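To start, the structure itself, in structure tokens.
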Amino acid sequence: MAPSLLSADFADLKGELDSLQAAGADLLHLDVMDAHFVPNLTFGPFICKAIRRLTPLPLDAHLMMTHPHRYLEPFAKAGVDGITIHVEATCDVGTTLDRIGELGCKRGLSLRPATDLGELLPFLDRVDLVLVMSVPPGFGGQSFDEGAPGRIAWLKQRRQEMGGQWLISVDGGINDVTGARCREAGADVLVSGSWLMKATDRAAQTALLRG
Ligand code: DX5
Ligand code: ZN
């Protein structure tokens with residue numbers, strides 16, 4: 001269970017982080033947007049470093065950036081545990097994943113809902129996590145892409161065939177209903193933003209997602 005902080009109240013960051021930890025979150029999903037790869041702009045290593053000081057939960061930085069390879073060291077130094085890049089980024093994806101590993105971080109690879117899953121194949125032997133986007137990246141609160149469970153099932157099959165150890169995660173439009181469908185299809189990690197963050201009882205919602 002990985003809450004996305006995109007819908008959190010950043011004016012009360014400590015309170016939000018404590019509430020998510022108490023609700024049973026396993027890790028925190030940090031949405032980094034560069035106003036180029038996606039139209040939205042959020043935050044960078046500076047804020048990740050502050051979050052690192054405020055919570056013991058593992059942090060995964062989801063880099064929705066055109067040039068993620070230029071910023072790996074600052075994110076690693078900020079203390080994130082995982083760095084997820086996009087296969088559509090303008091960088092050498094394999095080299096960038098290797099560098100993330102060298103920096104001591106988990107290597108994540110994500111793709112837009114419209115991107116062919118085959119684009120991932122050259123890299124599946126050097127990732128720790130695949131993040132299936134179930135909304136076009138850029139904003140919280142969008143509706144779930146119906147193609148996502150099928151894509152998750154396809155990845156689960158590939159993982160079995162190749163004897164891979166990587167986790168399958170899904171991000172975008174996740175609630176109790178879509179989360180259950182993704183879990184059944186084979187998702188290991190559910191990222192939830194607006195649905196979870198707006199809940200009055202986050203512990204109950206987290207338990208629902210866990211199934
Ligand atoms: C979208 C982000 C998501 C977003 C999910 O670009 O990558 O992590 O926060 O938010 P919801 O759950 O509201 O779709
Ligand atoms: Zn995300």
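All values below come from the heavy atoms of this structure, side chains included, with hydrogens, waters and symmetry mates left out. Nothing here was measured: the structure is a model prediction, and the numbers come from that model.
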Identify the heavy atoms of [X] and [Y] that sit nearest to each other, and give their distance.
{"X": "Ile100", "Y": "Lys106", "value": "CG2-O, 3.5 Å"}
{"X": "Gly118", "Y": "Trp154", "value": "N-CH2, 4.5 Å"}
{"X": "Ala185", "Y": "Pro149", "value": "CB-O, 3.4 Å"}
{"X": "Leu190", "Y": "Cys182", "value": "CD2-CB, 4.0 Å"}

Under a 4.5 Å cut-off applied to non-hydrogen side-chain atoms, are [X] and [Y] in contact?
{"X": "Leu57", "Y": "Leu17", "result": "no"}
{"X": "Tyr71", "Y": "Pro45", "result": "no"}
{"X": "Leu155", "Y": "Leu120", "result": "yes"}
{"X": "Val130", "Y": "Ser110", "result": "no"}
{"X": "Leu124", "Y": "Leu109", "result": "no"}
{"X": "Gln21", "Y": "Leu54", "result": "no"}
{"X": "Glu88", "Y": "Leu111", "result": "yes"}

Hey, does the side chain of [X] reach the backbone of [Y] with a donor-acceptor pair shorter than 3.5 angstrom?
{"X": "Thr96", "Y": "His69", "value": "no"}
{"X": "Asp188", "Y": "Ile168", "value": "yes"}
{"X": "Gln142", "Y": "Pro136", "value": "yes"}
{"X": "Ser4", "Y": "Gly193", "value": "no"}
{"X": "Arg52", "Y": "Gly79", "value": "yes"}
{"X": "Asp171", "Y": "Ser192", "value": "no"}
{"X": "Asp128", "Y": "Trp166", "value": "no"}
{"X": "Thr84", "Y": "His62", "value": "no"}
{"X": "Arg183", "Y": "Thr178", "value": "no"}

Is it the case that more than 12 heavy atoms not belonging to [X] sit under 6.0 Å from its [atom1] atom?
{"X": "Lys77", "atom1": "NZ", "answer": "no"}
{"X": "His67", "atom1": "NE2", "answer": "yes"}
{"X": "Glu161", "atom1": "CD", "answer": "yes"}
{"X": "Phe144", "atom1": "CZ", "answer": "yes"}

What do the steps show when you test Asp60 against His29 for side chain to side chain donor-acceptor pair (under 3.5 Å), and what is the final call? CA-CA 5 Å; Asp60 188 20; His29 181 90; 4.7 Å; no
Count I, L, V, M, F, W, Y as connected when their side-chain heavy atoms are under 4.5 Å apart, and connections chain through other members. Are Leu131 and Leu196 then in the same cluster? no
For the residue pair Ser134 / Asp145, report whether a side-chain donor-acceptor contact shorter than 3.5 Å exists.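 No pair is found: no donor N or O on one side chain lies under 3.5 Å from an acceptor on the other.
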Apart from Phe37 itself, what residues make up its hydrophobic cluster when side-chain heavy atoms of I, L, V, M, F, W and Y under 4.5 Å apart count as a link, directly or indirectly?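 Reading the cluster by chain and number, Phe37 sits alongside Leu6, Met33, Val38, Met64.
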Measure the CZ-CD distance between Arg210 and Gln205 for me, rounded to the nearest 0.5 Å. 13.5 Å
Side-chain ion pair, Arg99 and Asp92, N-O less than 4.0 Å: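 Between Asp92 and Arg99 there is no salt bridge, as every charged N stays at least 4.0 Å from the carboxylate O atoms.
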